[in-house]
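Computed from a prediction, not measured in an experiment: that's the story for all the values here. Residue numbering restarts at 1 for every chain, and letters A, B, ... go by the order of the sequence lines.
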There are 2 protein chains.
Amino acid sequence: MSLGNTHVPDPASADCRLVGEILSRVGDKWTVLIIMMLGHGPKRFNEIKRGINGISQRMLTLTLRGLERDGIVRRTVTPSIPPRVDYELTDLGKDLLIPVAALGDWAMRHQPCIMAARTRFDAAADADPPQQKRVSSG
Amino acid sequence: MSLGNTHVPDPASADCRLVGEILSRVGDKWTVLIIMMLGHGPKRFNEIKRGINGISQRMLTLTLRGLERDGIVRRTVTPSIPPRVDYELTDLGKDLLIPVAALGDWAMRHQPCIMAARTRFDAAADADPPQQKRVSSG
DNA sequence: CCGAATCCGACTTGATACTG
DNA sequence: CAGTATCAAGTCGGATTCGG
């Protein structure tokens with residue numbers, strides 16, 4: 001796939017690829033919600049699940065494991081009956097909370113702006129069809 | 001979904017849902033790369049494509065359209081032959097560049113840390129299998 | 001040179017049932 | 001309560017092909 005190019009003219013692509021990797025985790029549908037929820041302190045599995053409520057056990061487990069793997073969250077098992085597992089942010093996770101919160105703040109502040117842009121774009125797309133988009137407009 | 005809870009202890013879930021929407025766009029594999037590339041000034045279609053080089057026409061077009069729809073980038077068509085289309089960040093896009101750059105900076109700084117955490121996790125998972133993971137260990 | 005539409009494969013996601 | 005395994009569907013993504 002990458003063969004055929006003998007010169008690699010874009011080293012930025014190589015470095016930014018790693019950034020994109022991390023960003024993909026952040027951009028995950030549930031990751032940020034979990035991180036934000038854990039920002040208030042350690043929580044149990046079902047506690048997180050109830051807090052987000054739209055997530056399935058599978059997705060929660062998967063995301064949590066990925067986060068744990070990346071050193072963002074810490075999993076603490078209490079061998080009791082019933083078993084108890086707490087999740088909390090590591091120092092890395094708490095640090096991540098800063099730029100993520102900044103981005104979240106941006107998103108929240110510009111959310112209506114983006115909504116308006118979408119509406120505008122949608123209206124323009126409907127009024128300015130580059131080709132035959134409307135099969136019955138004549 | 002939110003029915004069943006009479007007290008709604010976490011309105012953040014409802015609001016953060018919107019944030020997650022935006023974050024999904026940011027977390028898109030190509031979005032950030034494009035935004036960063038456009039941060040250096042307006043560029044043509046194939047110019048972006050060559051810069052990223054791992055992206056297909058479809059993905060570039062799709063991402064660009066999504067960004068345009070959200071009011072992040074601006075598409076300028078020059079009706080010449082051959083046709084020329086330039087893409088540039090809007091004010092919103094330039095503003096987005098700030099938190100995104102912060103996150104990118106975080107990712108770049110902690111990338112080795114995350115890599116190490118993954119290695120650690122992987123090693124631990126291999127040494128500490130919670131159940132029968134190895135079907136042929138006897 | 002820009003871009004849209006199509007076909008098809010791969011990964012991701014989700015509901016369920018089972019285990020400890 | 002916490003977590004896993006399985007099955008089916010949806011979406012994403014890439015290569016190709018055609019039009020302006």
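- B/Lys49 has its NZ atom 12 Å from the C1' atom of C/dC2, to the nearest Å.
- Distance CG (A/Asp86) to P (D/dC1): 14 Å, rounded to an integer number of Å.
- Within residues 56-64 of chain A, the residues having any heavy atom under 4.0 Å from DNA chain C are, by residue number, A/Ser56, A/Gln57, A/Arg58, A/Met59.
- The pair A/Asp122-A/Arg120 does not count as a salt bridge, with every side-chain nitrogen at least 4.0 angstrom from each carboxylate oxygen.
- The distance from atom CD1 of B/Ile81 to atom C1' of C/dC2 is 13 Å, rounded to the nearest whole Å.
- Side-chain N/O atoms of A/Tyr87 include one lying less than 4.0 angstrom from OP1 or OP2 on D/dG3.
- In this structure, B/Leu67 places its CG atom 14 Å from P of C/dG3, rounding to the nearest Å.
- Protein atom CG of A/Asn46 is 9 Å distant from nucleotide atom P of D/dG3, rounded to whole Å.
- In this model, the phosphate group of C/dA4 is approached by a side-chain N or O of B/Arg65 to a distance below 4.0 Å at OP1 or OP2.
- Look at CD on A/Glu47: it is 11 Å from P on D/dC1, rounded to the nearest Å.
- Between B/Lys29 atom NZ and D/dG13 atom C1' there is a gap of 7 Å when expressed in whole angstrom units.
- Between the A/Thr31 side chain and the A/Gly27 main chain, no donor and acceptor come within less than 3.5 Å of each other.
- For the pair B/Ile55 CD1 and D/dA15 C1', the computed distance is 14 Å after rounding to whole Å.
- Remark: the backbone N or O of B/Arg44 is paired with a side-chain donor or acceptor of B/Glu47 at under 3.5 angstrom.
- Comment: B/Arg109 engages B/Asp105 in a salt bridge, judged by a side-chain N to carboxylate O separation of less than 4.0 angstrom.
- Ion pairing of A/Arg25 with A/Asp70 is present here, as a side-chain N (NZ or NE/NH1/NH2) and a carboxylate O approach within less than 4.0 Å.
- Between D/dC1, D/dG3, C/dC1, one nucleotide has an atom nearer to the side chain of B/Pro83 than all others, and that is C/dC1.
- Checked by atom type and distance alone, the side chain of A/Ser80 pairs as donor or acceptor with a backbone atom of A/Pro82 at under 3.5 Å.
- Contact annotation: A/Arg44 side-chain N/O to D/dC1 OP1/OP2 distance is not under 4.0 Å.
- Nearest heavy atom pair, residue B/Phe45 against residue B/Leu60, reads O-CD2, 3.6 Å.
- Distances shown here put every side-chain N or O of B/Lys43 at or beyond 4.0 Å from the OP1 or OP2 atom of C/dC2.
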